[in-house]
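Side chains included, hydrogens not; waters and symmetry mates left out as well; all remaining heavy atoms used.
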Amino acid sequence: VEALVEEMSIEQGLIALRRERGLSQRALADLVGVKQPVIARIESGKARNLELKTVVRIAAALGARVKILLEKSEPTARARRTKRKLAKTA
């Protein structure tokens with residue numbers, strides 16, 4: 001649930017920045033070099049396989065920057081298995 005809230009805030013942040021800059025989706029798409037439906041999908045949260053370089057280009061067109069935060073979280077079962085496998089091979 002928290003991940004969905006964070007994704008929504010990214011989408012809402014893009015919408016807010018675009019509107020603050022007085023740009024339509026089409027105008028932003030032209031600046032970024034994509035088609036308007038791409039911007040619409042990103043803003044609606046329906047974009048699949050969104051590349052970081054696209055987000056960076058959108059941010060640059062909006063006069064913003066991308067900041068990535070990696071936080072420590074509780075390890076998943078998969079991460080624990082991987083750690084055990086690595087420990088056995090060391």
Legend entry - In one Ile/Leu/Val/Met/Phe/Trp/Tyr side-chain cluster, 4.5 Å: Val38, Ile15: no
Inset, instruction - State the OG-CD1 distance between Ser24 and Ile39, to the nearest 0.5 angstrom. - result: 10.0 Å
Review item, side-chain donor-acceptor pairs of residues 50-70, under 3.5 Å, at least two apart:
{"residue": "Arg57", "atom": "NE", "partner": "Val32", "partner atom": "O", "Å": "3.3"}
{"residue": "Arg57", "atom": "NH2", "partner": "Val32", "partner atom": "O", "Å": "3.3"}

Legend entry - Where Glu11 and Gly45 come nearest, the two heavy atoms and their spacing: OE2-CA, 3.0 Å
Inset, instruction - State whether the number of non-hydrogen atoms from other residues, nucleotides or ligands found under 6.0 Å of Arg21 atom CZ is greater than 12. - result: yes
Inset, instruction - Assess whether side-chain contact (heavy atoms from CB on, under 4.5 Å) is satisfied between Gln12 and Glu43, documenting all intermediate values. - result: CA-CA 7 Å; Gln12 295 302 316; Glu43 289 185 353; over 6 Å; no
Inset, instruction - Report the distance from atom NZ of Lys35 to atom CD of Gln25, rounding to the nearest 0.5 Å. - result: 15.0 Å
